[in-house]
Amino acid sequence: MSVTVKIQDNSTLTKEQLMHAIENFDQQGEMIGNGYRNVIKILTIGGERYNIKEFKVPNLVNKIVYRFFRKSKAERSFLYAKRLLKAGILTPTPEAFVEYKSAFTFGSSYYISKQLEYDFTIRKLVDDPTCDDYDNILRKFTQFTYRLHENGIHFLDHSPGNTLIKKEGDDYKFYLVDLNRMDFKTLSYDERLANFARLSPKDYMLEVLSDEYAKLIGKPHDEVKERMLFFSQKFSLSFKKKEAFKRKYFFWRKKKH
């Protein structure tokens, strides 16, 4: 297989360091999550901590699609990260991506970013409405999402674990991760409100999200809340159906450890 390596111009990583890390990826590093779909590890290279995401090898059809017709998830993550930063949206610093290809098919791929030391994710607010400064953090997160929308960024994986939050003094900084699924366009009113659905917000959370977003967009609170609730319930029902289908027909799949 041939190897494509793209390293950010201002990165201190060398191709040799990066390839050594990739070639020994299975034997080293601190793993994040269960590695069921993609494997994410923290590795120290040249004294710096990096986050390396190994994307699952695509199925036969997508091996051809990614080889000839579409950018890989690793390359999209790299390019989208740069685009976000240019728009003033924070994300861990993109460093590189690596792809393995044969003459006719696509193999494995990796996205490399600087490891960000953060305090918590939005999941904390979903799970614990009594956490410190809850209302303020959630309103700032809503403002952050509004900025995405105003910049024409439709983050399709806007779920609880994909916004990292770092507290700096009395302020909070929000960083997007898991970047390979995005659209860049003018969002409709419904697309904006549906973008909160993957958070599966509880009633107390939905009240704050809808109140703040209604103020930002200049719409009645009750109207915004009703539409957010509709999209949240629609997503939740669809998700439950998909999970039931997977349990019934893909029970034989095992998680990586």
Side-chain angles (χ1 to χ4, degrees), residues 33 37 80 84 87-92 116 118-168 170-247:
R37 291 182 60 217
Y80 292 171
L84 288 177
I89 305 297
L90 296 176
T91 186
L116 176 72
Y118 62 96
D119 295 299
F120 52 94
T121 70
I122 286 298
R123 189 175 303 282
K124 179 178 180 179
L125 280 72
V126 176
D127 295 339
D128 183 13
T130 65
C131 71
D132 291 343
D133 213 14
Y134 174 88
D135 188 88
N136 181 39
I137 299 169
L138 197 51
R139 288 185 185 278
K140 286 186 179 296
F141 169 72
T142 307
Q143 295 163 16
F144 170 71
T145 302
Y146 177 75
R147 286 208 336 268
L148 290 178
H149 298 165
E150 289 294 287
N151 277 280
I153 300 166
H154 191 193
F155 183 36
L156 300 175
D157 284 324
H158 204 28
S159 56
N162 288 342
T163 299
L164 311 181
I165 305 174
K166 188 172 183 178
K167 187 175 182 181
E168 296 185 353
D170 294 328
D171 198 10
Y172 299 90
K173 301 293 185 184
F174 299 87
Y175 296 76
L176 289 188
V177 296
D178 201 0
L179 307 179
N180 68 89
R181 296 203 321 125
M182 289 189 183
D183 288 332
F184 297 91
K185 63 177 187 177
T186 300
L187 278 75
S188 69
Y189 176 54
D190 274 356
E191 284 174 327
R192 286 169 174 253
L193 302 188
N195 199 212
F196 290 90
R198 282 181 174 269
L199 298 170
S200 298
K202 310 287 197 312
D203 289 345
Y204 50 81
M205 188 175 185
L206 187 68
E207 183 71 29
V208 179
L209 290 170
S210 58
D211 179 63
E212 187 65 24
Y213 203 86
K215 292 174 183 175
L216 292 166
I217 204 170
K219 294 283 188 180
H221 176 214
D222 288 346
E223 175 188 312
V224 170
K225 182 179 178 181
E226 181 182 349
R227 294 302 287 165
M228 277 192 181
L229 179 60
F230 168 77
F231 289 120
S232 180
Q233 291 174 335
K234 182 179 178 181
F235 172 77
S236 181
L237 180 61
S238 175
F239 179 81
K240 288 175 183 176
K241 286 181 178 179
K242 287 179 183 177
E243 289 302 300
F245 179 84
K246 288 177 185 177
R247 285 194 298 271

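For clarity, every value in this text was computed on a predicted model and none was experimentally measured.
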Visitor: Could you list the donor-acceptor pairs under 3.5 angstrom formed between side-chain atoms of residues 200-207 and any protein atom two or more places apart in sequence or on another chain?
Guide:
| residue | atom | partner | partner atom | Å |
| --- | --- | --- | --- | --- |
| Tyr204 | OH | Val126 | O | 3.0 |
| Glu207 | OE1 | Lys225 | NZ | 2.5 |

Visitor: Between Met182 and Leu176, is the side-chain contact (heavy atoms from CB on, under 4.5 Å) condition met? List the steps.
Guide: CA-CA 11 Å; Met182 289 189 183; Leu176 289 188; 4.1 Å; yes
Visitor: Among Arg227, Lys219, Glu223, which residue satisfies the side chain to side chain donor-acceptor pair (under 3.5 Å) criterion with Tyr189?
Guide: Glu223
Visitor: Can you find a heavy atom in the side chain of Thr121 that is under 4.5 Å from one in the side chain of Pro160?
Guide: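 A side-chain contact is absent here, since even the closest heavy-atom pair is not under 4.5 Å.
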Visitor: So with a 6.0 Å cut-off around CG of Asp132, is the heavy-atom count from everything else above 12?
Guide: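 For Asp132, atom CG is not crowded (no more than 12 foreign heavy atoms under 6.0 Å).
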Visitor: Determine whether the side chains of Arg192 and Tyr213 contain a donor N or O and an acceptor N or O closer than 3.5 Å.
Guide: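 Per modelled atom types, Arg192 and Tyr213 side chains form a pair under 3.5 Å.
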Visitor: Please examine the side chains of Tyr134 and Asp128, heavy atoms only from C-beta on, and report whether any two atoms are closer than 4.5 Å.
Guide: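 The answer is no, as the side chains (C-beta and beyond) never meet within the 4.5 Å cut-off.
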Visitor: Tell me, do Ile137 and Lys167 make a side-chain contact under 4.5 Å, heavy atoms counted?
Guide: no
Visitor: Less than 6.0 Å separating the ring centroids of Phe141 and His158?
Guide: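 Here the rings of His158 and Phe141 have centres that are less than 6.0 Å from each other.
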Visitor: May I ask you to say whether Asp135 pairs ionically with Arg139, meaning some side-chain N is under 4.0 Å from a carboxylate O?
Guide: yes
Visitor: Taking all non-hydrogen atoms of both residues into account, name the closest pair between Thr145 and Asn195 and its distance.
Guide: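 For Thr145 and Asn195, the tightest heavy-atom pair comes out as CG2-OD1, 4.3 Å.
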Visitor: Do Thr163 and Tyr175 touch side chain to side chain, with heavy atoms closer than 4.5 Å?
Guide: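 Thr163 does not reach Tyr175 side chain to side chain.
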Visitor: State whether a side-chain donor-acceptor pair under 3.5 Å links Asp157 with Ser159.
Guide: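 Per modelled atom types, Asp157 and Ser159 side chains form no pair under 3.5 Å.
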Visitor: Within a reach of under 6.0 Å around CD of Glu226, are more than 12 heavy atoms found that belong to other residues, nucleotides or ligands?
Guide: no
Visitor: Please indicate whether Tyr118 has more than 12 foreign heavy atoms, meaning atoms of other residues, nucleotides or ligands, lying under 6.0 Å from its OH.
Guide: no
Visitor: Can you name the nearest heavy-atom pair linking Leu193 to Phe231, along with the distance?
Guide: C-CD1, 4.1 Å
